[in-house]
Each structure stands twice: as C-alpha cells, then as structure tokens.
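Chain identifiers are assigned alphabetically (A, B, ...) following the order of the sequence lines, protein sequences preceding nucleic acid strands; residue numbering begins at 1 within each chain. Note that the structure is predicted; figures quoted are calculated from it, not measured.
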Amino acid sequence: MGTGPGAETGTEAVRGEEGAARAEPGVGSAKGRFGIFGGRYVSETLVHALTDLEDAFGRHYPTEEFQRIFRGLLRDYGGRPTPLYHAENLSRIVGFKVYLKREDLLCGGSHKLNNSIGQALLAKRMGKRRLITETAAGQHGVSAAMAGNILGLETEVFMGVKDIARQEGNVKRMRLLGAKVKPVATGEGVLKDAVSETLREWAACSRTAHYLMGSTVGPHPFPTIVGAFQSVIGEEIRAQILEKEGRLPDAIVACGSGGSNAIGAFRPFLDERDVRLHFVEGGGESLDADNCAAAFVLGRPGVLHGALMQLLQDEHGQVKPSRTRAAGLNYPGRGPEISYLCHSGRVKAGYAFDSEVFEAVKVTCRSEGLIPALETAHALAYILGHREEFDKGDVVVVNYSGRGDKDVETILRHLEGEI
Amino acid sequence: MGTGPGAETGTEAVRGEEGAARAEPGVGSAKGRFGIFGGRYVSETLVHALTDLEDAFGRHYPTEEFQRIFRGLLRDYGGRPTPLYHAENLSRIVGFKVYLKREDLLCGGSHKLNNSIGQALLAKRMGKRRLITETAAGQHGVSAAMAGNILGLETEVFMGVKDIARQEGNVKRMRLLGAKVKPVATGEGVLKDAVSETLREWAACSRTAHYLMGSTVGPHPFPTIVGAFQSVIGEEIRAQILEKEGRLPDAIVACGSGGSNAIGAFRPFLDERDVRLHFVEGGGESLDADNCAAAFVLGRPGVLHGALMQLLQDEHGQVKPSRTRAAGLNYPGRGPEISYLCHSGRVKAGYAFDSEVFEAVKVTCRSEGLIPALETAHALAYILGHREEFDKGDVVVVNYSGRGDKDVETILRHLEGEI
Amino acid sequence: MAHVYYGDPTEEFSAELIRTLAGSGVDIVEVGIPSSDPTADGPVFTAACERALKGGMTPRRCIEGIARLREGGLEAPIVVTSYYNVIYSTGVGRFMAEVRKAGAQAVISPDVPFEESGELIAAGRGEGIDVILQVTPTTDGARLGRIAGAARGFIYTINVEGVTGARDGMPESALELIKRLKALTETPIMVGFGISRREQVVGLVSAGADGVVTGSAIAEIYARRLDRPEETLGAISGFAKGIKAACAEGNAQRKVA
Amino acid sequence: MAHVYYGDPTEEFSAELIRTLAGSGVDIVEVGIPSSDPTADGPVFTAACERALKGGMTPRRCIEGIARLREGGLEAPIVVTSYYNVIYSTGVGRFMAEVRKAGAQAVISPDVPFEESGELIAAGRGEGIDVILQVTPTTDGARLGRIAGAARGFIYTINVEGVTGARDGMPESALELIKRLKALTETPIMVGFGISRREQVVGLVSAGADGVVTGSAIAEIYARRLDRPEETLGAISGFAKGIKAACAEGNAQRKVA
Ligand SMILES: Cc1ncc(COP(=O)(O)O)c(C=O)c1O
Ligand SMILES: Cc1ncc(COP(=O)(O)O)c(C=O)c1O
C-alpha cells in the first residue's frame, strides 16, 4: 500500500492524468492529484508539515501494528462494523430494496470518528501534543475531542460563530469533553472561515500540533488519508451486501460536501462499473436561492484551502459561502477526489432541496424510527425524489452518515405546523 | 426454553423458593416469583392480558423464527453486538482492568432497545395495534417509538410532567418519531405516576394495546420477559471477555432502579460464583436527603405496580418517590429479580451520591472521550469510589448502559463553576 | 353500596358523608384507605387519594375512624378497601385483626387477583372477615368458576374494562357476565365501576345483580365544592336515594321478566 | 517594500496610501488583491480583505487601479499579490498578461508553494513577470537550494512560523535562514511577515537581508481611523521613513561587520 492517491484507491478511474504530470517537480506537481483536482496550494510555511504528514502516513498506515490499533479502536471504541440494515418499510415506500449503512451508530453519532481516530493515531506517532481542527455541525469536533482524549492529546476546535449558535448541543458536548471551542468571527462565521482560521493557527504551531482535517479536503495528503481512513465504510458495505444479497449493490447513495462519507463508501466500488454511485449535495431552498450549496451545478473548479476542487465562487474567483440548513453540507468546495469522480462521470452528482430534506426526515422517522442528521437526509431525499432512476429489483445502499439528535430543534421548528 | 423465570435464567440461585409455593393455585401463587419477590398483584381486569402475554412469550420466544427476527433486528437495526471496550485510561486511574460494555452504542443510545424490540415483536405476534408505555429519562420512550415504527404499531408514551420538563430533548425525539407523549400530572408527576397511569390506560385497552414495560418490574410475566430480552447483554459479555481475556471477569458492575440493564448483564453469570456482581442505586445527595433512591438501604419489601419488591416507602406502606438527578434511576422499586438477588447475597447492592456521579462523568469524559448517561455514571462512580474492593489484577466489566447526550445540560450546569 | 375514600378532603367530612349515605338507602359502606398509587382508580378517585394523603390520612387513622363510626351507631356492613401494600406493610394477619376489631365485615384489595389472594383469604378466615373477590367481563370461564366457588360475602363484578370513574354507557358484556355468574353461584353479585345513572342500575339489577357500587360519582359531587363539601351532602343523599330507587325498579322488572 | 490590500477601506485611499508610501522611501509596492479566504494572513489583513470586498473591490478593479497608478507617475516597481484562486479563475496566462499591461513587475501567490508554481512561472516568463517564491525557516535544505535556484526578482523569506501580522520579537531562525540563503544565491532577499519595529529591521538587514516587507503594521495604523483614514497618512509616512532609516542602519552595520 502506498501513499499516493492512486495507490490508495488502486483504480485507474482515480489515477487520472497523474502519471503524465508527475515528471517535473517544481513545474506543476502532480502530488495528490485526482485528475486535475487536488494538489497542495498552501503557504510555504505549511509545506514541511504536509510532507512530514505524508511521510508519516506512508510509514505507519500500511504497517500491521497501525492497522491493528486503528481497526481495534474502531471496533471496540467506535462500534464497528456498523450494521447494514435492510429498511423494509422505506423499501416499500420507494419501491426498491434499500439498505442503510448505519454510520449513525458509530460512537459520536456519525462517520466522523473513523477519520478522527486514524489521524489522532498518526499525530501521536508523529509526536504531536495537540490536535487542532474545525467543525460545522459539531460532529467532527466531537469525534476529534473523543479521539484526542483516548490518545492523551489536547484538542482545540475552531467553529464559526454562526455554527456555534445553531449547533449548541454539540458545542456543549465538546466543552464537556474538555476541548477548547474557539469561535471564528471572520468572514461569514461559518465552516470555510473556521478552516481558514485553523490553517492560520497551524502555520504557527505545526511542529507540535496536528491539523485533524475533518473531510476529504485540504492540501495533499489530507484528501488521500481521510479517504483511506473512511474507506472502512465501503469495505464493510462490500462484505455485508455480499453476505446478505450474494451480489454487489446496484447503487450507492451518499450525501456530502467535502465528500468524506461518500468517498469512504465509494472507494471499494470505483472499479465496479455496474455499481452506480450517487453523490447528493445541499440544494438549499432552490437553485436560485442564496443558500444553495449545489457546487456541481453552480460551481466551477477553483482553489481553496490548499486544493483545486469544484468550488462555489463568484465570477471574480471569490468563494461563495453556502447556507443550507444542514451545517455539515455548507463547505463551498467538493473534495478533489469527489470532484474528479463527478467530472469524469463515474459518480453522478445530484442535490436535494430543503423541503425535500425535511420531508425525508419525516418519512424516515415514521417508517423506520430513525431520526437522520439533516446531512444524511439529503441522501434519503434523493432516493425518495428520484425513484424513477431505480428499478424494482434494485438493491440500493444509502450511506446513513449520522443521527439527527443535533438537528431535532431545527427539524421540529420546520415541521411544527405539521406535527 | 420455558416461560417461567426459573426456566429463563436456568439457575438455582433465582429459582429460590418457587418450587415449594407453586402447589396451590388460588392460595398464594408462585407464578413469576424470585424468592418471595415478584408475583402478579393487579386488578382482575388485567389478569387476562397478563396470561395472554405469558402464553405468547412462551409460544413465540423460544421459536427459531422469533429468535431469528429478534436477533436480526438487534444486529442490523440496533447495532449488536455492542463492543466490550478495554478502557485503558480509566483502568490506569482506578488501578485495575476496566472493560465497558458499550450499550450506549445501541440504536437510541441505551440498552432499552433490546427490550423494546423484543416486546414489540411479541405485541405484533399477539395482533396488537398499539404500544403504550411510560418513560422517565425518555430513553425507553424513544426506544419504544423506534420499535413501534419499525413494526407498524402506534406508540403512546406516558411521562411525568416533571420528567417532561427535565428531559426535553428526548421528548422532542419522541414527538419527531410520531409517538404521542401523554403528560402525567398525578402524584408527583414522575416515573412511578407514569407507570400507574399506563396501567390504568392498559386496563381500558388491553385487547388492542400492549403495555411495553420499560424495565424488569411490574406483574409477572414482565420481569421475566424483560430480563430475557436484556440478557443478550450478558451473553455477549461472556463471549467477548472469554475472547479477550480467556477467562470470566472478576466482577460486573451495573447501575439501575428497575434493574433491567443489570439483570441483562448478570443473568448469564449467576451460577458463576467467582464473578462478583455489583448493583448501584442512586444515592442522591446523601442517605438522609429526600432525593436519595437507595432502596436497598432505605426501603423494605412491598407491593407496587403488580409485584412484591424492594421498595422505598413510608412507615404506612405509602410509596415514597425518589428524586436523584438521574431521571432513569427514580423508580422507587427494585425489580423482583434484582430484589431477590440482593437479598440472597448473590448481588452486592451499593449506591453512589450525586457529587460522586458528576465527578465520574467528568473523569470519563476526559479520560475516555465518552459522556455517560447520569444513570450509567453511577456504575462508574462506584468503581472510582470503591477501588479497595478490587484487586490490581482484577478484570471488571462495567455495563455502560447509555450515553449522556440527554444529560449534557444538567451536567454542564453542575460542573459550570469548574469548567 | 357506596365507596368513599376516607379522609377526602377531611376526616370529619368523610364520617359525615358515610352517615349520610347510610341514611339514604346505602346498604353497604365501602371505606377506602387512601393509597399513594391507586392503579385501579380513575382520575376522580386518584385525586381523592391525593387530597386525603395530603391531609395526613393514614391507614391507622382510617381504621380508627371506622371504629368510631361503629361506636357512633352506624349499622350498615362495612367493607374496607385497601391496595395491597398497605395490608402487606401492616402485616396481613394484623391488618385483618384490626379491621375486625374496628367492626368491619369484609376486605377488598383491588390489586390482589384470585391467584394472589390465598394468604389474604386465610388470614381473613381466621378473623371472620370476608375477602371480596372481583371478576370482570375479561375473566375467562374456568377462572370464573373457581372464583365464584371461592367467593364469600359477595362477588364484586367490575362493569367495564378500565379503572373506576363514572361513565355514561354500559357495555353489553357486563350483563353477559351477570348471567354467567348467576348460573354458577348463589353468592350475591354487586356491580361496580363506572356507575352513575339510573338506567345503568335498572339494567344491571334487572339482569340479576343484587346491587351496585357507586363511588366516583359521589366524589364528583363533593369535589365541586371542596372548600365546603358539607354543602353537597343534600345532593349526595338525593343521588343515593335515586340509585336505591333504581335498584328497586330493576328488581321489579326482573320479577316481571 | 510595503504591502497594501487594495480597496481597504476605499480605492481612493489605497491609491493615496501607495503614493504616500512610495514618497516615503518604500522601494517596492506590493499591491494585494483582496481575497475572500486569505489563509496566509493574520487578523489585520483578514479584516482588510473583508472591508475591501464589502466595498465592492474586485480583481479587475485592482488591476485597473495599478494601471492608473502607473499612468499617474508612480515609478516604484509593483508586485501584485493574489491568492491563487483569483489567478486560476481569471486564467493564469490572462492574469499575467493583464498584470503586465497594467505595469506591474512581479506576482506573488501566497498559497502557491514551489511545487505548484510551474504553470505560474511559465506564464509569467511569457509576459516578463517574475513570480516571487517564498521560503521560510521550515524550508528544508534541498528545497531551499532548488527554490533559490529558480527564484527570479527576489526571494521572499517569511520571517516567522505563522501568518501575516506585526509581532514584537523575531526568531533566531530568521537570521539563520538569511545566512543559509546568502550562501546559495545572489538573488536579493526581502524579509516579510511580522515586521513592525526598527530593531527587527536593523537586525535582519545587518544579517544580510536586502530589504523588508511591512504590511499589517501599516494597516494597523489606518485601521484605527477607518472613518477618515487619510488623516493617518502622515503617521504612515513617518513609519515608512523609520523603516527605511532602519534599513540603512542595518546596511551600515553589515558593512562594518
Ligand atoms: C452526519 C454528516 N454527514 C455528512 C457530513 C458531510 O461531510 P462529508 O462530506 O465529509 O461526508 C457531515 C459533516 O459534518 C455530517 O455531520
Ligand atoms: C441509560 C440508562 N441506564 C439505566 C437505566 C435504569 O433502568 P434499569 O434499572 O431498568 O436498567 C435507565 C433508565 O432510563 C437508563 O436510561
């Protein structure tokens, strides 16, 4: 197992144009490229930290010892494998067979812990004493604090002031866990600003601190290593669906912005051309609304936070923050790998509007007794709203990325009139 | 597998005096007795519902089909097996080896789902259309609503007005899941009043509704069947600790009031005399305080809600409600089985005071990144506060019954000065 | 027969109420010992228990109150109703002895079904106290036979599926139950739960019931004037007389039929 | 050299500020195109960008502004600083052409490290625009050599581990870095990030730096009077002259040593 994205994913689809471009260092590096996407666009100050991280990942991740500890913690602390649940009631509603990959049952309530434990273990091996990170919905911040505490690392979480206000419950959980929550008031006070602030902090303390990047975004090697840690999801889906159905699924559907839960679910299936892959973004109120986060519709390639990726931006190249109700989908960029996969056509990009999302929450609550995270509900809204894309006999896996406890207030407020 | 408690637990320890007393129906029945405890003290109106339930449990529970569906749902929907996590940091603090049985990772956030799914399946098989139940912390109400929704049963949850006020988050979750939450203002507006109200409701609708009893309490056969559904916890502990340690644990520690998580964890070990069993009640502020729930210290045998059990009561035989901070430990009675086991000496009853409980929450948050439910924190407080009862080489399993998301406000308010 | 939770809202009122009822055609007085958890009772009686307990009523004071009523000349038979924990807590034997000494004739424990009644019946027998057994429309044939066979004093048939509390209608199943019982036993049948209206009583008695029990209906009347409950005694007396008359009417219809 | 985010708080002020700086001893003017996400900048410059964007500043208007400054007679070399997305979004070749046409001499893109700079350098070469490369104390030996070899115009050495923003001290590693660079290349060395004090400048220049870059220190001065920033131009001119004098002093010390 190598450290480059090609080696990680092991697929031609992802390797893209990499081979050709790698030749001349200093003249357009292909490091960490997925097609044209990715790269390492950071200030010189951070280059050493990123090469150190790349080295450490290459040195430790493939070892049996690292895998044993990583997989052991995911199992005994995290609760892996998470179930692949045949949602019979939901299946009846949509007219095809729906399985939910239950990342909501992972410790902390979402897929985020897979990555947090992996990176915290790396940080520990690199001799770091501190984790710094950013969070939007708070799910990643909580998982980082958990991983930090198990491994004896201090945790500091940058969070936009607007997100702090609307994800109060997770802020309290982080405080209880002893993490320092640092309010970010710059920009719009949302996730992208928190990432910027964490990068700034990292520039000043990268010798002793590790930036625990929360999704498959940022400069190389982050997209590669976050994807590697998250692909435990897809590996399990593969084994579980083979056990349950004796065959691969017809489609896998995942929500996302940075793309970590989607990449985690998709990676082991990239070479399986018969497995359709769907990526669902936040559509906001409508495609015209200023809270729309459908970057694959409204964005174009651009560079933010160290990587070239599909990006919501204005005509001048200034980044446009999005404002869907799902805090975790409000990152304006799509990670390099998901950007590449959607551009190449391997993954079909879609979106769900807020009203469809709330309806999906309601349907899932009532039919399956599960309150999905608003982010996750985008994937559910997609299968509810695009039944025509699936056949009666289809086996469809939805990556059920997180539970909605954090969103209960927002959901109830929205559904109030109806309840 | 039979339906009587003796058959269920398969142990002499529990069978107690049953054999002798069973002889003469109508002159003191031994049905569902654990030693002197248990029985079926209900109005005649409910007798038929209880015998029907007893029959149905005897008919369905042992069948392969029921077990397949029950175990299947617990696995794929619930997330079983839950991990047995070696908490290294906590172990270092207490000085012996601590494993946490992670029921907090069960869908819904506590052990309650084991029982709710089991009973909802029974209800469905019995042709019921509705589940009625009661809840204190809200954990059981949420799990009942989940089970009801999966199986297409309406769910109605009685909840004391005081508990509604202090467990707002879970009330919202129940509402979102479509369960009707019925406020109970009688008595003190707490759990015991909600149980009474549910029994009243059941008397009026037992033909079409199943009372999904939330713990190992109530008239026979409830303590027996709840214990049976929950003993999946102990079965897993047994297999997991054998795999990890190659031997049985030296002790198992569980919190409780009705006793369901404790009974679930203990049952498979009752005949293993070398496995010490500890049951931890809510001590409140102090043994003199009016919020103390230490029924094994302050109570005596008595009849409430259909069973003879260890009971907090005044000198006239009127039941005394308790008011520990942990809503889920505020039931004034200890279920028949745990009452018997503590009286017979097989289980050692202990308690933890509120201040110790909050300290245990803090220690667990910081050392393991886990926020325990206040109920669960009683068990953790016990091992932190009674280190002298355990040896350096001991392997101790704490039944980590639930996560503390529902208690974050209460905990932060308490620790405020310190954070 | 009339059921009163003793001590609601005050001991003085309960005593006065019982005397009024006995003077208004009530043949048997059912004196309830207030319980912290009256699980077989509806909202009216649950509230009655809460008020009585708040007023400081205890099982001991209830039994002393019964003794005083007897001393005061009350002649109607008295049935003491108590949830089981009070009896268990006092000690079953001692409770029966005290009840007997106070002058009561029978005991009902609403949360003790037939299968759990052995100890109670044995202890009652020792003191000459009848333990009143209850049956309901949900009681199945075999049990009904056994209960009818073991019943002493009278059989208390519960009229509805549910808890105490006045209701307007009356289920067919109640009449059915009376007929089934009549075929099994000579023991008198009293019908309770949910009774408040003349037509109900006429129907039940004409179907074979030997009497009815009213309880919540009475508490509902005085609960409207909790500040001065004694002012409702007239109305309550009128109500009791009405029930008595309805019993007679039912009886007459039965003889005709 | 002085770094100004163009358009903060208004375009007029920025133009006036640049002229003032050029008239106060600043040899090279670094004109920053405001960015929505200036990740290499500290709080002072981040706020400057936000104000400029809020005022409607765009990359196109920045470049037009540079052209007007040149037309207006500004003679100092101009370095255009822009985060990469603005350049990428414009098109790298087109951006270089526009910048050249406006009259600038060089481009800095603070989020383009050496490895990603190939396209930028190639396009710049086509237009005769130098792409300024940055190094820091954390740049390791091998890379430092390669970067020094590829550098055109001057080498921008980042003085601190961290983002832009005036700081009091100055790390030893900065002086160390200058020495390492001096041994590798003849290309001039400009030191930036965190510079605001005379002693820092003296130290850096005497150690071999060919100049220093001040930026946040200037923005800090006018940011105190955002309502009437032009009133701070005197103070800023004084500050620039002080830095210039400190450079001279450092130079003198170097020659002596
Ligand atoms: C439950 C859940 N799902 C999905 C996401 C989106 O993240 P990603 O795109 O990295 O999967 C988040 C982010 O916070 C989340 O909390
Ligand atoms: C997390 C948790 N643990 C324990 C309990 C106590 O219940 P039991 O005594 O039935 O285990 C509750 C009840 O609500 C609970 O929520």
Taking heavy atoms only and a threshold strictly under 4.5 Å, list by residue number the residues of residues 127-135 of chain D that touch chain A; give 'none' if the list is empty.
->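 The list, in residue order, reads D:Gln134, D:Val135.
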
Do any of residues 84-100 of chain D have a heavy atom less than 4.5 Å from a heavy atom of chain A, and if so, which, in residue order?
-> D:Tyr84, D:Asn85, D:Val86, D:Tyr88, D:Ser89

With a 3.5 Å cut-off and sequence neighbours excluded, list the donor-acceptor pairs that the side chains of residues 54-66 of chain D form with protein atoms.
residue: D:Thr58; atom: OG1; partner: D:Arg61; partner atom: N; Å: 3.2
residue: D:Arg61; atom: NH1; partner: D:Gly56; partner atom: O; Å: 2.9
residue: D:Arg61; atom: NH2; partner: D:Glu11; partner atom: OE1; Å: 2.9

Which bit of D:Ile147 comes within less than 4.5 Å of chain A, counting heavy atoms only: side chain, backbone, both or neither?
->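 Looking at D:Ile147, just its side chain touches chain A.
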
With distance as the sole test, does [X] use its side chain to make a donor-acceptor pair with the main-chain N or O of [Y] at under 3.5 Å?
| X | Y | value |
| --- | --- | --- |
| A:Arg200 | D:Pro38 | yes |
| A:Ser43 | D:Asp111 | no |
| A:Glu44 | D:Thr136 | no |

Taking C-beta and beyond as the side chain, do A:Val47 and D:Pro113 meet within less than 4.5 Å on heavy atoms?
-> yes

Do D:Glu50 and A:Thr186 have side-chain heavy atoms sitting under 4.5 Å apart?
-> yes

Determine the option with the most heavy-atom pairs under 4.5 angstrom with chain D, choosing from A:His305, A:Glu201, A:Glu315, A:Arg207.
-> A:Arg207

May I ask you to name which of A:Thr51, A:Val195, A:Leu308 has the most heavy-atom pairs under 4.5 Å with chain D?
->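 Heavy-atom pairs under 4.5 Å are most numerous for A:Leu308.
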
Is the closest basic N to carboxylate O distance between D:Glu115 and A:Arg33 below 4.0 Å?
-> no

Counting heavy-atom pairs under 4.5 Å to chain A, which of D:Thr138, D:Val163, D:Asp140 comes out on top?
->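 Option with the greatest count: D:Thr138.
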
Top contributor to chain A contacts, counting heavy-atom pairs under 4.5 Å, from D:Val112, D:Ile158, D:Asp37 | D:Asp37

Part of A:Gln313 lying under 4.5 Å from any heavy atom of chain D |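 For A:Gln313, the contact with chain D is made by the side chain alone.
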
When the 4.5 angstrom heavy-atom criterion is applied to A:Pro219 and chain D, the contacting part is neither

Contact list for residues 34-60 of chain D, test ring pair (Phe, Tyr, Trp, His ring centres under 6.0 Å), sequence neighbours left out = D:His3-D:Phe45, D:Tyr5-D:Phe45

Using the side chain to side chain contact (heavy atoms under 4.5 Å, CB included) rule, pick out the option among A:Leu199, A:Leu46, A:Thr198 that qualifies with D:Thr39.
->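 Single side chain to side chain contact (heavy atoms under 4.5 Å, CB included) partner of D:Thr39 among A:Leu199, A:Leu46, A:Thr198: A:Leu199.
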
Residues, nucleotides or ligands: over 12 heavy atoms within 6.0 Å of A:Arg129 CZ |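 Atom CZ in A:Arg129 is not crowded, with 12 or fewer foreign heavy atoms closer than 6.0 Å.
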
Over all heavy atoms of both residues, which pair between A:Ser206 and D:Glu161 is shortest? Give the atoms and the distance, please.
->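 Between these two residues, the closest heavy atoms are OG-OE1, 4.3 Å.
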
